[in-house]
Amino acid sequence: QVQLVESKGGLVQAGGSLRLSCAASGRIFSNYYLGWFRQAPGKEREFVGTINWSGGSGFHADSVKGRFTISRNNAENTVYLQMNSLKPEDTAVYYCAAARRFTVQSADFGSWGQGTQVTVSS
């Protein structure tokens, strides 16, 4: 079982930047993928990005590509989501999650963090 704890989000103005972190603990195997999802009020949970725990670059949703970057620090067992050029439509609760393979489907992620609120003001 993998335990995930996200850092506190926050309030940022449109065009600004914010970095989220996700501290992972427990049994994390090299083939695991750590991902980020988000859910805005009244909307379904949306895939943001994912990265293999052992190597390679991140895979990002088209809606955030070029603005958001997922990365990891294995020495610190932490995954990051760097968010730049934020827009009001990026406002959501952001979740960190772990899966045993590459996937963008939330149902395939077996472990989840508690979520953290990100609010982008216009």
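Numbers here are sequence positions counted from 1. Not measured: the values here are computed from a predicted model.
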Is the shortest side-chain heavy-atom distance between [X] and [Y] below 4.5 Å?
X	Y	answer
Met83	Val12	no
Tyr95	Leu4	no
Asp108	Arg101	yes
Asn77	Ser25	no
Leu81	Arg38	no
Phe102	Thr50	yes

So which atom in [X] and which in [Y] form the shortest heavy-atom distance, rounded to 0.1 Å?
X	Y	value
Arg27	Tyr32	O-CE2, 3.9 Å
Lys8	Thr116	C-OG1, 3.3 Å
Leu18	Gly10	CD2-N, 4.0 Å
Ser7	Arg19	OG-O, 4.3 Å
Tyr94	Phe68	OH-CE2, 3.9 Å
Ser17	Ser85	OG-N, 4.4 Å

Value rounded to 0.5 Å, distance of [atom1] in [X] from [atom2] in [Y]:
X	Y	atom1	atom2	answer
Thr91	Gln117	OG1	CD	7.0 Å
Arg72	Ser21	CZ	OG	16.0 Å
Ile28	Trp53	CD1	CH2	4.5 Å
Asn52	Leu34	CG	CG	9.0 Å
Gln13	Ser122	CD	OG	9.5 Å

Quick one: do [X] and [Y] end up in the same hydrophobic cluster if we chain Ile, Leu, Val, Met, Phe, Trp and Tyr together by side-chain heavy atoms under 4.5 Å apart?
X	Y	answer
Tyr33	Val104	yes
Val64	Ile51	yes
Leu86	Val48	yes

>> Does anything in residues 50-66 form a salt bridge (Lys or Arg N to Asp or Glu O under 4.0 Å)? List the pairs, not counting sequence neighbours.
In response: Asp62-Lys65
>> Is the distance between the ring centroids of Phe109 and Phe37 under 6.0 Å?
In response: yes
>> For Gln114, is the CD atom crowded, meaning more than 12 foreign heavy atoms sit under 6.0 Å from it?
In response: yes
>> Checking Trp36 against Cys96 for the side chain to side chain contact (heavy atoms under 4.5 Å, CB included) test, could you report, in this order, the C-alpha distance in whole Å, the side-chain angles of both residues, the deciding distance, and whether it holds?
In response: CA-CA 5 Å; Trp36 287 93; Cys96 178; 4.1 Å; yes
> So, the side chain of His60 versus the backbone of Ile70: is there a donor-acceptor pair under 3.5 Å, distance only?
Replying inline: yes
>> Apply side chain to side chain contact (heavy atoms under 4.5 Å, CB included) to residues Glu89 and Val120 and explain how you reach the verdict.
In response: CA-CA 8 Å; Glu89 51 264 43; Val120 183; over 6 Å; no
